[in-house]
Amino acid sequence: MPLDDLGRVERRITVIGAGLAGALFATLLARRGWEVEVFEKRGDPRLRGYEGGRSINLALAERGRHALRLAGADEAVMTQAVMMRGRMVHFSDGRTSLQRYGRDDSEVIWSVHRGELNIVLLDIAERAGVRFHFNRGLESVDFDARIARYLDERDGSRHQAAFEALVGADGAGSTLRQAMAAETALGERSEFLDHSYKELEIPPAADGGFRIEPNALHIWPRGRYMCIALPNDERTFTVTLFLPNNDLPNNDLPNDDLPDGDGHRGGGPSFASVRSGADARALFERDFPDALPLMPALEEDFQNNPTGVLGTLYLDCWQLDDRAVLLGDAAHAMVPFHGQGMNCAFEDCVALAEHLDATADRAAAFAAFEAERLPNSRAIQAMALENYLEMRDRVDDDDYLLQRALEQKLAERHPDRFMPRYSMVSFHRLPYAMAFERGRLQRELLVELTRGHDSLDSLDWETVDARVLACLAPLPND
Ligand SMILES: Cc1cc2nc3c(=O)[nH]c(=O)nc-3n(C[C@H](O)[C@H](O)[C@H](O)COP(=O)(O)OP(=O)(O)OC[C@H]3O[C@@H](n4cnc5c(N)ncnc54)[C@H](O)[C@@H]3O)c2cc1C
């Protein structure tokens, strides 16, 4: 391990990717006195405008905010964030209902603009001493010589730079991951959902204000498909339409399939049948009629915006001895239905910075990081998949609403033992794996206790309390 002039271990690292995780991780290490260089494929968004493409805004929750606080970025980010108190459910008959995420305004999530967030993080990283190299896309790595090669796509020029160790924050399509896989088996597999998404927009009202309630994440659940909308600080909403890729025949519905939003079973729309702007208008006229007048450019947006695929990336190994490690989407991309991909990536950044700082043995730090985070990433990946069914299909279901009402009551009666899974994931920092397991136990309990009831009034609270005490140990502090 190289030493500096005073005989101390050199604390130097190279990060691939200056996206959300790359910029944050670089800051955390630079603030701990590390020498950090970051290589990014794209140009500097502060000079040329953000080129990020998809997913214009993101839900930021407590795990992400905790990491931002450690990086000294929370205040700057929060000046542009819009509070979301809960899900505003838009039923098929035009009714709306706000389902709060937490107890009160201390338990909310925040909508942040991806491009603005990235810019704040780059500025803070640079102030912390991080050196950025933009227009340097990693192409290949010679791990033995510890040399990385980069391409500048603007003029096709090639560059190389030596490294001590590489941290792959280069997203779901990670080139570093490919290079590592040529050296060691990573056990990589991807599972794509048979649903995709399209981004659309609700512009500001004529008076410059929001067209619908700004402090909510809007959902139009319709059984096998749904629309959601998140507010932006410039008074717009980013709308995302999620549809199956293909029509399903009536007699070939998957096991999880339930009646659609109109209460009838059917093949329903898909990206195979909704192809043009006119098709999209017809779909909105039928299934999202209250959203249609809010979206004057629906046809153009549908036609011009790309259709995004949704998948989960699983790896069994995230590191190559002391030479490389992966984090964020490069290690564990997930479907976006829990709004946790970035939050989880930020939590990775904190964990890796702590492990690296705790020991001079980099290989041990990488291994400890993987051991801590891999099981947790698997848990949030599973919860994100489960949440899709909940959002599109259960938020307007009577059983679900009764279970949720009981969940809230139990959280009040037993705050040290019963915490809704959504709260564990979004408002706390209990490990995801613990939230997943406790969530499973709690769900079983809710199903058991509400069976045969259609209101909380008929419950025997003595029995209910006894079951909670018997089934759930007190929660640890996070
Ligand atoms: C539709 C959608 C909605 C989402 N909503 C949410 C949400 O509400 N909340 C949430 O927490 N998460 C959400 N996510 C997930 C979130 O976007 C990701 O988890 C997050 O962006 C991961 O950050 P990252 O830095 O690991 O990767 P990325 O953000 O993908 O950044 C990777 C960076 O690496 C650069 N790069 C790529 N290849 C190379 C290369 N070869 N060399 C150098 N640089 C390279 C890229 O240009 C980019 O800057 C959503 C995702 C989608 C698709």
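Read the numbers this way: they start at 1 and go in the same order the structure lists the ligands and their atoms. All residue numbers in this chain count up from 1 along the given sequence. The model shown is predicted, which means the values in this text are computed figures rather than measured ones.
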Problem - Pairs touching residues 324-343 that satisfy side chain to side chain donor-acceptor pair (under 3.5 Å), sequence neighbours left out - result: H332-D348, Q340-Y432
Part of [X] with heavy atoms under 4.0 Å of ligand 1, whether side chain, backbone, both or neither:
X	answer
T175	side chain
R114	side chain
M334	neither
I16	side chain

Is any N or O atom of [X], backbone or side chain, closer than 3.5 Å to an N or O atom of ligand 1?
X	value
Y197	no
A172	no
A59	yes
K41	yes

Problem - Minimum side-chain heavy-atom gap L60-M78 below 4.5 Å - result: yes
Practice task
Take every heavy atom of A169, measure it against each atom of ligand 1, and state whether any distance is under 4.0 Å.
Solution key: yes
Handout entry: Minimal non-hydrogen separation, V274 against P269, with atom names
Key = CG2-CB, 3.8 Å
Problem - Check: D290/H90 side-chain N/O donor and acceptor closer than 3.5 Å - result: yes
